[in-house]
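Fair warning: this is a prediction, and the values are worked out from it, not measured in the lab.
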Amino acid sequence: MEAFWSNNYVYIAAYCSVALLCTVIFLAVFELVTKYRNWDEIKKGNVAVALATGGKIFGIANIFRHSIMEHDSLMDMIYWGIFGFVLLVAGYFIFEFLTPGFKIDEEIQRDNRAVGLIALIISVGLSYIIGAGISSIS
């Protein structure tokens, strides 16, 4: 069994599968904290939601990239990925708090592409900062 788990293909498939599963779960959490339904809005052609959702997906993937690169065990990778995701969600709420003149969710739901683009950039940028923090801990 040790030979099975030490096989590079199995190792990569395991990490990729877990990261993909976590991404699906994390997107479901984001679905709960936003006022709109991501996939319904994307199906309608809402580009702002697509931009914001794409930023979230990229952000989550980037966090897991750093987590995979810096930690040797699957459990450590999951732990740091979850921790990074919590920070990403916190960043989302801070973004909402720092824009008292309008509601981010409402603007994105109305297909305000400028807000969707900023949401994408914040998710991606924050994921780089979170990833750097994860990388510095190893």
Is there a donor-acceptor pair under 3.5 Å between the side chain of [X] and the backbone N or O of [Y]?
X      : Y      : value
Glu70  : Ser136 : no
Asp105 : Tyr36  : no
Ser67  : Phe64  : no

Original post:
In terms of the angle between their ring planes, are Phe30 and Phe85 parallel, tilted or perpendicular, with boundaries placed at 30° and 60°?
Top reply: perpendicular

**OP:** For residues Ile78 and Val18, determine if any side-chain heavy atom of one lies less than 4.5 Å from a side-chain heavy atom of the other.
**Re:** yes

Original post:
Is the closest side-chain heavy-atom distance between Ile118 and Phe95 below 4.5 Å?
Top reply: yes

What distance do [X] atom [atom1] and [Y] atom [atom2] have between them, rounded to the nearest 0.5 Å?
X      : Y      : atom1 : atom2 : result
Trp80  : His66  : CH2   : NE2   : 13.5 Å
Leu98  : Ile94  : CG    : CD1   : 7.0 Å
Leu88  : Ile130 : CG    : CD1   : 5.0 Å
Ile129 : Ile63  : CD1   : CD1   : 10.5 Å
Ile25  : Leu20  : CD1   : CG    : 10.0 Å
Ile122 : Leu117 : CD1   : CG    : 10.0 Å

Closest approach of [X] and [Y], non-hydrogen atoms and distance?
X      : Y      : answer
His71  : Ile134 : CE1-CG2, 3.6 Å
Asp111 : Val47  : OD1-N, 3.0 Å
Ile108 : Ala48  : O-CB, 3.6 Å
Glu107 : Val115 : CB-CG2, 3.9 Å
Lys103 : Glu96  : CA-OE2, 3.3 Å

Path from [X] to [Y] over hydrophobic side-chain contacts below 4.5 Å:
X      : Y      : value
Ile104 : Val124 : no
Val89  : Tyr79  : yes
Ile57  : Leu51  : no
Tyr128 : Phe26  : no
Leu120 : Phe58  : yes

**OP:** List the steps, then state whether ring pair (Phe, Tyr, Trp, His ring centres under 6.0 Å) holds for Tyr11 with Tyr15.
**Re:** CA-CA 6 Å; Tyr11 176 84; Tyr15 275 74; 4.6 Å; yes

Subject >> Working for side-chain contact (heavy atoms from CB on, under 4.5 Å), residues Thr34 and Glu41 >> reply: CA-CA 12 Å; Thr34 56; Glu41 291 294 324; over 6 Å; no

**OP:** Using the side-chain contact (heavy atoms from CB on, under 4.5 Å) rule, take Lys56 and Asn38 through it: C-alpha gap first, then chi angles, then the decisive distance, then the call.
**Re:** CA-CA 11 Å; Lys56 292 169 188 170; Asn38 292 319; 4.3 Å; yes

Original post:
Are more than 12 heavy atoms from other residues, nucleotides or ligands located less than 6.0 Å from atom CZ of Phe83?
Top reply: no

Original post:
So Phe93 and Val33, side-chain contact (heavy atoms from CB on, under 4.5 Å) or not? Walk me through it.
Top reply: CA-CA 9 Å; Phe93 286 118; Val33 301; 3.9 Å; yes

